[in-house]
Amino acid sequence: MAQTTYATGTGPFGLAAVDVNNDGKPDIIVTNVNSNNVGVLLNTGNGTFTAQTTYLTGAKPNSVAVVDINNDSKPDLIVTNLNSNYINVLLNIGNGTFTAQTTYPTGAGPYDVEVIDVNNDNKPDIIVANANGNSVGVLLNIGNGTFAPQTTYSTGSTPYSLSVVDVNNDSEPDIIAINSNSNYVSVLLNIGNGTFTPQTTYSAGTNPYGLAVADINSDSKPDIIVANSGSNNVSVLLNTGNGTFTAQTTYSTGSLPLNVVVRDVNNDGKSDIIVVNYNSNNVGVFFNTGNGTFTTQTTYTTGANPRNVAVVDVNNDGKIDIIVANQGSSNVGILLAC
């Protein structure tokens, strides 16, 4: 499949594909790290998109989450700003248009963000990886999409990516973070009311960068998948129960894998691994052969320096497509499933 591209700002970095204008079609939201804005490209149908509309952020916007935080049934934008040391929230005012940002302080170098209810009050909270502060921060939603100051929990060195998933089957979402300069994964279990245990660590590859948490071996327990930028591979750590994990199994990627997602892309009921290879200018797909084992990667050419990837059906044909943020080309590429 050849990509179709759409221009973004300079240095597209963070990426999400969510319907923001309530028309039943997934739209593209991208952070432009060198333009200090976030771009919204609306899906016009059949997987084609409008030119981006941009909204100002702080300095070096890295990651974006798209979640309804104020209970008005419209998904809002939550963006980390690496050089501003804050998160900004842009509320959806309808038709996929957004307010100016409201900001909340974080730790040093906020890099990745997840938005999920961690304290069972039916209000989504913000969890942020503070890459330069060696911590994760939890900002509880206090109502109407406003947030309390962060509570921080120590991680290893340079947490670049995180996920918030119930890994021990107690109906409380836990925090999983990767620590690039410590070469390990941190698991912080939720002990109730949105508070967390100190980290338990598991070895990853060299300079882990991207993270996904999903059940890959059909045992109803979420597993950990890590893109290791320094060792050019992905690690798979299977959940053995109660939120503990096996030692990693690795699969070779292209050069400098930076982001990974897990979805069933070939409609066989098994979760596959999709990874972007920054220096190889491609995206690799590892097909699940069963029991959480994978084929060698099949690659598809992208633009220059793909940084991030989202996987969703953009043209309503029942097949999963791939969206890539090409940092070096200043565009997003769409690879439609054949």
Side-chain angles (χ1 to χ4, degrees), residues 8-9 12-33 35-43 49-50 52-82 84-106 110-130 136-150 161-165 173 175 194 308 310 312 314 323 325 332:
T8 63
F13 198 104
L15 182 67
V18 177
D19 178 13
V20 297
N21 60 345
N22 199 32
D23 65 355
K25 297 178 293 230
D27 309 300
I28 296 173
I29 302 91
V30 59
T31 62
N32 299 304
V33 70
S35 298
N36 297 332
N37 62 32
V38 58
V40 177
L41 296 83
L42 297 178
N43 191 328
F49 294 84
T50 63
Q52 69 170 349
T53 299
T54 59
Y55 299 86
L56 290 176
T57 62
K60 301 291 183 185
N62 275 32
S63 297
V64 58
V66 186
V67 177
D68 176 15
I69 60 171
N70 59 346
N71 199 32
D72 65 354
S73 300
K74 297 184 290 242
D76 310 300
L77 308 184
I78 302 91
V79 180
T80 60
N81 300 281
L82 179 67
S84 296
N85 295 335
Y86 62 67
I87 286 171
N88 51 272
V89 174
L90 296 87
L91 296 177
N92 192 328
I93 56 179
N95 299 314
T97 58
F98 296 86
T99 62
Q101 62 178 327
T102 300
T103 62
Y104 295 89
T106 63
Y111 212 86
D112 194 20
V113 63
E114 292 281 318
V115 182
I116 189 171
D117 177 15
V118 297
N119 61 345
N120 282 322
D121 65 354
N122 296 314
K123 298 187 290 255
D125 309 300
I126 294 173
I127 303 89
V128 58
N130 298 308
V136 291
V138 177
L139 295 83
L140 296 178
N141 190 328
I142 56 178
N144 299 313
T146 58
F147 294 87
Q150 71 170 348
S161 186
L162 61 79
S163 185
V164 185
V165 177
I175 297 173
N308 221 311
V312 67
V314 299
I323 307 169
V332 290

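A donor-acceptor distance shorter than 3.5 angstrom exists from the side chain of Thr50 to the backbone of Leu42, with no hydrogens or angles considered. Using modelled atom types, one side-chain atom of Asp121 and one backbone atom of Lys123 make a donor-acceptor pair closer than 3.5 Å. Judged by distance alone, with hydrogens and angles left aside, the side-chain atoms of Thr97 form a donor-acceptor pair with the main-chain N or O of Gly94 at under 3.5 Å. Judged by distance alone, the side chain of Asn88 and the main-chain N or O of Thr103 form no donor-acceptor pair under 3.5 Å. Looking at Thr80, its side chain never comes within 3.5 Å of a backbone N or O of Ile87 through a donor-acceptor pair. A donor-acceptor pair under 3.5 Å is absent between the side-chain atoms of Asn37 and the main chain of Tyr55, judged by distance alone. Using a distance-only test at 3.5 Å, with no hydrogens or angles considered, a donor-acceptor pair links the side chain of Thr57 to the main chain of Asn36. In this structure, the side chain of Thr31 does not engage the main chain of Val38 through any donor-acceptor pair within 3.5 Å. Judged by distance alone, the side chain of Asn43 and the main-chain N or O of Phe49 form no donor-acceptor pair under 3.5 Å. Of the possible donor and acceptor atoms, none in the side chain of Asn32 sits under 3.5 Å from a partner among the backbone N and O of Ser35.
Annotation: the span from Leu90 atom CG to Ile29 atom CD1 amounts to 11.5 Å, rounded to 0.5 Å. Here the CG-CD1 distance, from Asp125 to Ile69, works out to 10.5 Å after rounding to the nearest 0.5 Å. Rounding to the nearest 0.5 angstrom, the gap separating the OG atom in Ser163 from the CD atom in Glu114 is 5.0 Å. Atom CG of Asn85 is separated from atom CG of Asn130 by 8.0 Å, given to the nearest 0.5 angstrom. To the nearest 0.5 angstrom, Asp68 atom CG is 8.5 Å from Asn92 atom CG. To the nearest 0.5 Å, atom OG1 of residue Thr54 and atom CG of residue Leu41 are 10.5 Å apart.
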Trace of the side chain to side chain contact (heavy atoms under 4.5 Å, CB included) decision for Val138 with Ile175: CA-CA 10 Å; Val138 177; Ile175 297 173; 4.1 Å; yes
Output, in order, the C-alpha distance, side-chain angles, deciding distance and verdict of side chain to side chain contact (heavy atoms under 4.5 Å, CB included) for Val128 and Gln150. CA-CA 9 Å; Val128 58; Gln150 71 170 348; 4.1 Å; yes
Please walk me through it: do Ile323 and Val312 pass side chain to side chain contact (heavy atoms under 4.5 Å, CB included)? CA-CA 8 Å; Ile323 307 169; Val312 67; 3.9 Å; yes
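Looking at heavy atoms from C-beta onward, Val164 lies in side-chain contact with Val118 at the 4.5 angstrom threshold. The side-chain heavy atoms of Val67 and Pro75, taken from C-beta on, include no pair separated by under 4.5 Å.
For Val115 against Ala65, the heavy-atom pair with the smallest separation is CG2-CB, 3.7 Å. Residue Ala17 comes nearest to Ala310 through the heavy atom pair CB-CB, 4.2 Å, listed as atom of the first residue, atom of the second, then distance. Taking every heavy atom of both residues into account, Val113 and Val64 meet most closely at CG1-C, 4.2 Å.
The environment of CG in Asp23 is crowded: more than 12 heavy-atom neighbours from other residues, nucleotides or ligands sit within 6.0 Å. No more than 12 heavy atoms of other residues, nucleotides or ligands shown are found within 6.0 angstrom of CG on Asn71. More than 12 heavy atoms of other shown residues, nucleotides or ligands fall within 6.0 angstrom of atom CD1 in Ile142.
A donor and an acceptor atom, one from each side chain of Asp112 and Ser161, are located under 3.5 Å apart.
Residues satisfying the salt bridge (charged side-chain N to carboxylate O under 4.0 Å, His left out) criterion with Asp117, sequence neighbours excluded, are absent altogether.
Here the two rings, on Phe147 and Tyr104, have centers that are under 6.0 Å apart.
Partner Asp27 forms a side-chain contact (heavy atoms from CB on, under 4.5 Å) with one of Val314, Val20, Val66 and no other, that one being Val20.
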